[in-house]
Undergrad: 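Quick one: this structure, given as structure tokens, is what I'll be asking you about.
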There are 2 protein chains.
Amino acid sequence: MLKISKLTDYGTVVLAHMARRPDRLFSAAHLAQELGLPLSTVRKLLKQMTGAGLLYSSRGQRGGYCLTRPPQEISLVEVLEALEGPLGVTDCSLAPKLCGQEATCPIRNNWRGINGVIHGVLQQVSLKQLASDQTMGIGIEQAGGL
Amino acid sequence: MLKISKLTDYGTVVLAHMARRPDRLFSAAHLAQELGLPLSTVRKLLKQMTGAGLLYSSRGQRGGYCLTRPPQEISLVEVLEALEGPLGVTDCSLAPKLCGQEATCPIRNNWRGINGVIHGVLQQVSLKQLASDQTMGIGIEQAGGL
DNA sequence: TTAAAGAGTACTATATTAGTACTATAAGAG
DNA sequence: CTCTTATAGTACTAATATAGTACTCTTTAA
């Protein structure tokens with residue numbers, strides 16, 4: 001259904017929460033409690049996002065996580081790709097040799113185009129926007145072609 | 001990875017092929033052979049799309065399938081929804097009561113907005129465009145909000 | 001030195017996806 | 001009228017992905 005996974009969804013919830021206080025340091029336990037998510041799950045997400053470079057972590061007592069960049073500079077694509085790997089609507093728009101039909105497939109190029117558009121949409125959304133109460137305005141226009 | 005399933009992908013290949021000859025009647029066996037896809041799989045897809053109202057079917061000798069509407073009037077969303085059910089990037093943008101966080105989730109509205117945009121992109125792409133050799137032109141513009 | 005916190009690893013249950021096989025039914029050809 | 005071709009319906013299996021959890025190790029500040 002063209003869905004992101006539930007874990008990724010939780011990940012965006014966690015990041016959006018952190019984006020509201022970019023100054024603060026958040027521990028996994030605090031986040032889990034504040035957001036009502038299972039601690040183990042939150043831990044897993046934080047670890048993964050740290051590995052992807054989205055978060056700084058500091059250990060020890062009074063340790064925790066914080067964003068590596070200001071929330072308006074982090075796009076949703078980055079977050080999704082950190083948690084799910086490269087974004088591809090179809091196999092062929094992701095990597096070669098996954099489909100088998102590839103060489104002869106007459107619609108591959110068009111799928112790649114669609115993938116690019118969706119990628120663009122998600123790139124335009126920043127973490128700051130995602131965390132915002134205001135409704136986001138993103139429009140689409142038909143540019144040309146047939 | 002925000003991906004459609006491989007079966008759905010095959011479905012679009014099949015439909016795009018049929019869209020090039022909207023007059024013709026295609027049997028499952030022919031399509032499977034022409035596209036190099038497994039017959040059983042093609043059969044499954046055709047049945048499902050017929051049930052969803054995208055195809056007419058006629059049985060018996062010289063039977064087969066054809067599109068119920070001209071290819072430029074069939075949007076990609078319809079095809080995806082016929083094969084995968086309602087389109088929802090997140091659980092909460094799909095149906096109530098799937099997430100648990102729903103009531104308190106601060107970013108639900110924004111996800112719903114993103115979902116709407118992606119829905120819009122796929123709605124703008126017709127089967128005729130998908131089947132076309134020409135590169136499609138779809139642009140995105142930032143309209144407002146923050 | 002101890003307690004709080006992240007890092008690393010491994011595991012299990014469930015759901016989804018992909019692919020296939022078999023039987024029944026309909027309709028045209030001869 | 002019956003044979004052949006084709007769709008309709010159903011059911012099943014294997015592989016993969018997802019979700020959630022548990023446990024141990026390491027770091028660091030009080």
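Reminder, nothing fancy here: chain letters follow the sequence lines and each chain counts from 1.
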Undergrad: Which part of the nucleic acid does A:Arg43 contact within heavy-atom distance under 4.0 Å: base, sugar-phosphate only, or nothing?
TA: nothing
Undergrad: Could you check B:Leu31, B:Leu45, B:Val14 and say which one makes a side chain to side chain contact (heavy atoms under 4.5 Å, CB included) with B:Leu37?
TA: B:Val14
Undergrad: Measure from CG on B:Leu45 to P on D:dT7 and round the result to the nearest Å.
TA: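 Atom CG in B:Leu45 sits about 13 Å away from atom P in D:dT7.
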Undergrad: Looking at the side chain of A:Lys44, which of D:dG20, C:dA18, C:dG6 is the nearest nucleotide?
TA: D:dG20
Undergrad: Quick one: pull up CG in B:Leu54 and CD in B:Glu81 and give me the separation to the nearest 0.5 Å.
TA: 10.5 Å
Undergrad: Starting at CD of A:Glu78, measure out to CE of A:Met49 and round the result to the nearest 0.5 Å.
TA: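 Between atom CD of A:Glu78 and atom CE of A:Met49 there are 12.5 Å.
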Undergrad: Can you tell me how far P of D:dT18 sits from CG of B:Asp91, to the nearest Å?
TA: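 Taking atom P of D:dT18 as the reference, CG of B:Asp91 is at 13 Å.
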Undergrad: Starting at OH of B:Tyr10, measure out to NZ of B:Lys44 and round the result to the nearest 0.5 Å.
TA: 12.0 Å
Undergrad: Nearest whole Å is fine: how far is D:dT21 P from A:Leu39 CG?
TA: 10 Å
Undergrad: To the nearest Å, how far apart are A:Leu25 CG and C:dG6 P?
TA: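 Value for this atom pair: 8 Å.
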Undergrad: To the closest 0.5 Å, what do you measure between CG (B:Leu15) and CG (B:Leu130)?
TA: 9.0 Å
Undergrad: Can you tell me the distance, in whole Å, between the CG atom of A:Leu83 and the P atom of D:dG20?
TA: 14 Å
Undergrad: Give a yes/no on whether any side-chain N or O of B:Thr50 is located under 4.0 angstrom from OP1 or OP2 of D:dT7.
TA: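 No, no such contact exists.
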Undergrad: According to the salt bridge (Lys or Arg N to Asp or Glu O under 4.0 Å) rule, which pairs have a member within residues 16-41 of chain B, sequence neighbours left out?
TA: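 Listed once each, the pairs are B:Arg20-B:Asp133, B:Arg24-B:Glu34.
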Undergrad: Using a cut-off of 4.0 Å on non-hydrogen atoms, how would the nucleic acid contact of A:Gly51 be classed: base, sugar-phosphate, or nothing?
TA: nothing
Undergrad: Would you tell me if any nitrogen or oxygen in the side chain of B:Ser27 comes within less than 4.0 Å of OP1 or OP2 on D:dT5?
TA: no
Undergrad: For nucleotides 27-29 of chain C, list the nitrogen or oxygen atoms of the protein found under 3.5 Å from its nitrogen or oxygen atoms, one pair per line.
TA:
from: C:dG28; atom 1: N3; to: B:Gln61; atom 2: OE1; distance (Å): 3.3
from: C:dA29; atom 1: O4'; to: B:Gln61; atom 2: OE1; distance (Å): 2.9

Undergrad: Categorize A:Ser40 for me: base, sugar-phosphate, or nothing, with a 4.0 angstrom heavy-atom threshold over every strand shown.
TA: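 Touches a base.
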Undergrad: Would B:Glu84 and B:Thr8 count as having a side-chain donor-acceptor pair, cut-off 3.5 Å?
TA: yes
Undergrad: Quick one: label A:Phe26 by what it contacts on the DNA or RNA (base, sugar-phosphate, nothing), any heavy atom closer than 4.0 Å.
TA: sugar-phosphate
Undergrad: May I ask you to say what B:Ala28 touches in the nucleic acid, namely base, sugar-phosphate or nothing, with a heavy-atom cut-off under 4.0 Å?
TA: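 Sugar-phosphate contact only - B:Ala28 comes under 4.0 Å of backbone atoms but never of a base.
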Undergrad: Can you tell me how far C1' of C:dT9 sits from CD of A:Gln48, to the nearest Å?
TA: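 Those two atoms, CD and C1', are 14 Å apart.
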Undergrad: Between A:Tyr10 and D:dT18, does any side-chain N or O lie under 4.0 Å from OP1 or OP2?
TA: no
Undergrad: Nearest-Å distance, OH (B:Tyr65) to C1' (C:dA26)?
TA: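 In whole Å, C:dA26 C1' lies 12 Å from B:Tyr65 OH.
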Undergrad: Report the distance from atom NZ of B:Lys47 to atom P of D:dT10, rounded to the nearest whole Å.
TA: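 In whole Å, D:dT10 P and B:Lys47 NZ are 10 Å from each other.
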